[in-house]
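What follows is a short report on a single structure.
Side-chain atoms are counted along with the backbone in the values below, which use heavy atoms only and exclude waters and symmetry mates.
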Amino acid sequence: MFDKTPDEGDMSRRGFLSLASMGAVILSFLASLGGILRFTKPNVYYEESKRFKIGKPENFPIGIVKTMEDKNVFIFSENEGLHAISRVCTHLGCLVSLTGTGFDCPCHGSKFDRNGKVIAGPAPRNLPWLKISRNIDGTLVVDAAKDVKMGTTFRV
Ligand code: FES
């Protein structure tokens, strides 16, 4: 009449507990492995390169000022050569605009002369001049991560 003996019920309970403990061991092993593998990946935020091409030298005839809106840089072409000045105000990072005599910051009123030197306002430093170089393909490259001394020009 009885299909199961009392021991079979115990066995299945034992089997279940054995399976559950094995599952817990496997899960904890996988969690540990995941944690270990996570350490193989560095905690680095990748950001866009600060070097960017601005075009061929012939695109910058003497006397021209180009505003690179997307890169926040002004490019000046003068008799002495090219130079790049950052548009980012050294106070709190607003974008300065070009005026007839220099640059104005719309946020808190800092003013800079034509070389980016602070003449008024809360800005603590001059606008940085950025390094210009020529790529191997002949295009000009601005490196917004490298400041150069004010007055440094790139001879084309
Ligand atoms: S951000 Fe330019 S003056 Fe404050």
Side-chain angles (χ1 to χ4, degrees), residues 17-156:
L17 289 175
S18 165
L19 201 63
S21 62
M22 184 66 82
V25 168
I26 290 172
L27 280 178
S28 65
F29 172 75
L30 289 176
S32 303
L33 188 65
I36 290 169
L37 291 176
R38 172 65 188 85
F39 281 112
T40 62
K41 194 174 173 189
N43 280 335
V44 175
Y45 294 106
Y46 297 99
E47 62 180 48
E48 194 178 323
S49 170
K50 301 244 181 203
R51 281 175 50 95
F52 53 89
K53 293 180 181 180
I54 57 172
K56 298 274 185 189
E58 51 269 21
N59 297 339
F60 297 94
I62 290 173
I64 197 169
V65 179
K66 273 196 179 175
T67 305
M68 315 287 294
E69 301 272 351
D70 55 332
K71 302 296 183 186
N72 299 331
V73 169
F74 294 109
I75 310 291
F76 293 82
S77 178
E78 295 174 339
N79 287 332
E80 301 80 31
L82 292 171
H83 65 272
I85 298 181
S86 171
R87 290 187 65 204
V88 181
C89 180
T90 54
H91 180 224
L92 292 178
C94 291
L95 297 179
V96 300
S97 54
L98 195 59
T99 65
T101 55
F103 310 93
D104 282 355
C105 181
C107 292
H108 310 103
S110 286
K111 293 187 182 308
F112 304 86
D113 72 7
R114 195 163 167 77
N115 287 323
K117 188 173 179 186
V118 179
I119 52 177
R125 293 180 309 282
N126 302 330
L127 294 174
W129 285 42
L130 306 173
K131 184 179 179 188
I132 299 180
S133 58
R134 190 190 309 253
N135 235 0
I136 199 158
D137 64 0
T139 56
L140 298 170
V141 174
V142 172
D143 190 344
K146 290 189 180 157
D147 295 1
V148 294
K149 196 173 150 210
M150 185 182 291
T152 305
T153 58
F154 179 79
R155 286 232 168 248
V156 183

[atom2] on [Y] to [atom1] on [X], rounded to 0.5 Å:
| X | Y | atom1 | atom2 | answer |
| --- | --- | --- | --- | --- |
| Leu130 | Lys146 | CG | NZ | 12.0 Å |
| Ile26 | Ser21 | CD1 | OG | 9.5 Å |
| Ile54 | Ile75 | CD1 | CD1 | 4.0 Å |
| Arg155 | Ile132 | CZ | CD1 | 13.0 Å |
| Lys56 | Asp137 | NZ | CG | 5.5 Å |
| Arg51 | Lys131 | CZ | NZ | 7.5 Å |

Do [X] and [Y] come close enough that some side-chain heavy atom pair is under 4.5 Å?
| X | Y | value |
| --- | --- | --- |
| Glu69 | Arg87 | yes |
| Ile85 | Phe103 | yes |
| His91 | Pro124 | yes |
| Thr90 | Phe112 | yes |
| Leu82 | Thr153 | no |
| Val142 | Lys71 | no |

Between the side chain of Ser77 and the main-chain N/O of Pro61, is any donor-acceptor distance below 3.5 Å?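 Yes: the side chain of Ser77 pairs with the backbone of Pro61.
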Would you check if the side chain of Trp129 reaches a backbone N or O of Asn115 as a donor-acceptor pair within less than 3.5 Å?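 Indeed, once roles are kept as given, a pair shorter than 3.5 Å links the two residues.
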Does the distance from Cys89 SG to Cys94 SG come in under 2.5 Å?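 The answer is no, since Cys94 and Cys89 keep their SG atoms 2.5 Å or more apart.
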Determine the minimum heavy-atom distance between Ile64 and Asn59, stating which atoms define it.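 So the two residues come closest at CD1-O, 4.4 Å.
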Nearest heavy-atom pair of Met150 and Gly116: which atoms, and what distance?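 Nearest heavy atoms, Met150 then Gly116: CE-C, 4.2 Å.
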Are more than 12 heavy atoms from other residues, nucleotides or ligands located less than 6.0 Å from atom NZ of Lys50?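 Result for NZ/Lys50: open.
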What verdict does the side-chain contact (heavy atoms from CB on, under 4.5 Å) test give for Phe154 and Val141, after you've listed the backbone C-alpha separation in whole Å, the side-chain angles of each residue and the deciding distance to 0.1 Å? CA-CA 11 Å; Phe154 179 79; Val141 174; over 6 Å; no
With side-chain contact (heavy atoms from CB on, under 4.5 Å) as the test, would you mind laying out the steps for Val118 and Ser110 before giving the verdict? CA-CA 7 Å; Val118 179; Ser110 286; 5.8 Å; no
For the pair Phe52 and Asp70, evaluate side-chain contact (heavy atoms from CB on, under 4.5 Å) and give the outcome as yes or no after the intermediate values. CA-CA 11 Å; Phe52 53 89; Asp70 55 332; over 6 Å; no
Passes side-chain contact (heavy atoms from CB on, under 4.5 Å), Asn135 versus Lys53? Steps please. CA-CA 8 Å; Asn135 235 0; Lys53 293 180 181 180; 3.2 Å; yes
